[in-house]
Engineer: 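Input: one structure, supplied below.
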Amino acid sequence: MSFIEKAINPAFYKQKISTWSHATAEYYKPLFRSGSVKPLWHIMIATSVLMYTQNYLFNKGTHIQHARHEKKVALEEYYKNHNITPHH
């Protein structure tokens, strides 16, 4: 089966997810049963990576910074045209 046939076949992804979930369960099951702190650290790291990635993409990314800069320039122009000080 070629790569393109695999890429468009949903069964390929279902099999990959099934394999990954089984391997993950087999890895973490003994750790949870023994009371290890390792799963907690993995969850905390994954949450941090996800949180900081979303923060960058939606709050600090280049598109957002560009939009904020445009608004700042537009407000300065508005204040100048209407003889208004920005901080009354």
Side-chain angles (χ1 to χ4, degrees):
M1 190 181 281
S2 73
F3 173 74
I4 299 210
E5 289 174 348
K6 285 183 184 179
I8 61 172
N9 188 357
F12 173 74
Y13 295 106
K14 185 177 179 181
Q15 188 265 339
K16 288 289 186 185
I17 290 171
S18 174
T19 303
W20 178 81
S21 63
H22 178 72
T24 303
E26 291 300 315
Y27 176 76
Y28 283 109
K29 194 181 296 183
L31 293 174
F32 278 116
R33 289 188 179 168
S34 69
S36 175
V37 74
K38 191 182 252 186
L40 174 63
W41 282 105
H42 288 177
I43 291 168
M44 289 170 54
I45 290 169
T47 302
S48 297
V49 167
L50 181 66
M51 180 183 67
Y52 285 116
T53 302
Q54 287 180 336
N55 185 28
Y56 177 77
L57 291 176
F58 299 116
N59 295 332
K60 298 178 183 173
T62 56
H63 293 94
I64 303 300
Q65 291 298 324
H66 179 69
R68 287 180 181 167
H69 179 69
E70 282 184 351
K71 288 178 186 176
K72 181 180 177 184
V73 170
L75 272 175
E76 287 173 357
E77 184 178 321
Y78 175 82
Y79 293 146
K80 180 181 168 194
N81 291 340
H82 291 85
N83 295 324
I84 301 173
T85 58
H87 303 289
H88 337 136

Engineer: Is Y13 reaching over with its side chain to a backbone N or O of A7, donor-acceptor style, under 3.5 angstrom?
Structural biologist: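 Indeed, once roles are kept as given, a pair shorter than 3.5 Å links the two residues.
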
Engineer: I'd like to check I64 versus R68 (side-chain heavy atoms, cut-off strictly below 4.5 Å). Are they in contact?
Structural biologist: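 Yes, at least one pair of side-chain atoms sits under 4.5 Å.
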
Engineer: Would you say the side-chain atoms of Q65 and H69 include a donor-acceptor pair closer than 3.5 Å?
Structural biologist: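 No, no side-chain donor-acceptor pair sits under 3.5 Å.
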
Engineer: Decide if atom OH of Y52 counts as having more than 12 heavy atoms of other residues, nucleotides or ligands within a radius under 6.0 Å.
Structural biologist: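 Open: at most 12 neighbouring heavy atoms sit under 6.0 Å from OH of Y52.
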
Engineer: Counting heavy atoms not belonging to E70, are there more than 12 under 6.0 Å from its CD?
Structural biologist: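 Enclosed.
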
Engineer: Mind checking whether I45 and I43 sit in one hydrophobic cluster, side chains of I, L, V, M, F, W, Y counted as touching below 4.5 Å?
Structural biologist: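 Hydrophobic grouping puts I45 apart from I43.
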
Engineer: Can you list the residues that meet the side chain to side chain contact (heavy atoms under 4.5 Å, CB included) rule with H82, with sequence neighbours excluded?
Structural biologist: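 So H82 forms a side chain to side chain contact (heavy atoms under 4.5 Å, CB included) with Y78, I84.
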
Engineer: Look up atom CG in N9 and atom CD1 in I4, then write down how far apart they are to the nearest 0.5 Å.
Structural biologist: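 One gets 13.5 Å once the value is rounded to the nearest 0.5 Å.
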
Engineer: Under 30°, 30 to 60°, or over 60°: which ring-plane class applies to Y27 and H42, parallel, tilted or perpendicular?
Structural biologist: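 It falls in the parallel class, under 30°.
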
Engineer: Kindly write out the residues that satisfy side-chain hydrogen bond (donor to acceptor under 3.5 Å, both in side chains) with Q15, not counting sequence neighbours, or none if the list is empty.
Structural biologist: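 Counting only residues at least two positions away or on another chain, Q15 forms a side-chain hydrogen bond (donor to acceptor under 3.5 Å, both in side chains) with T19.
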
Engineer: Is there a donor-acceptor contact under 3.5 Å from the side chain of S48 to the main chain of M44?
Structural biologist: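 Flag set: sc S48 to bb M44 pair under 3.5 Å.
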
Engineer: Would a 4.5 Å heavy-atom cut-off, applied to side chains only, mark L40 and F32 as touching?
Structural biologist: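 Sidechains of F32 and L40: no contact.
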
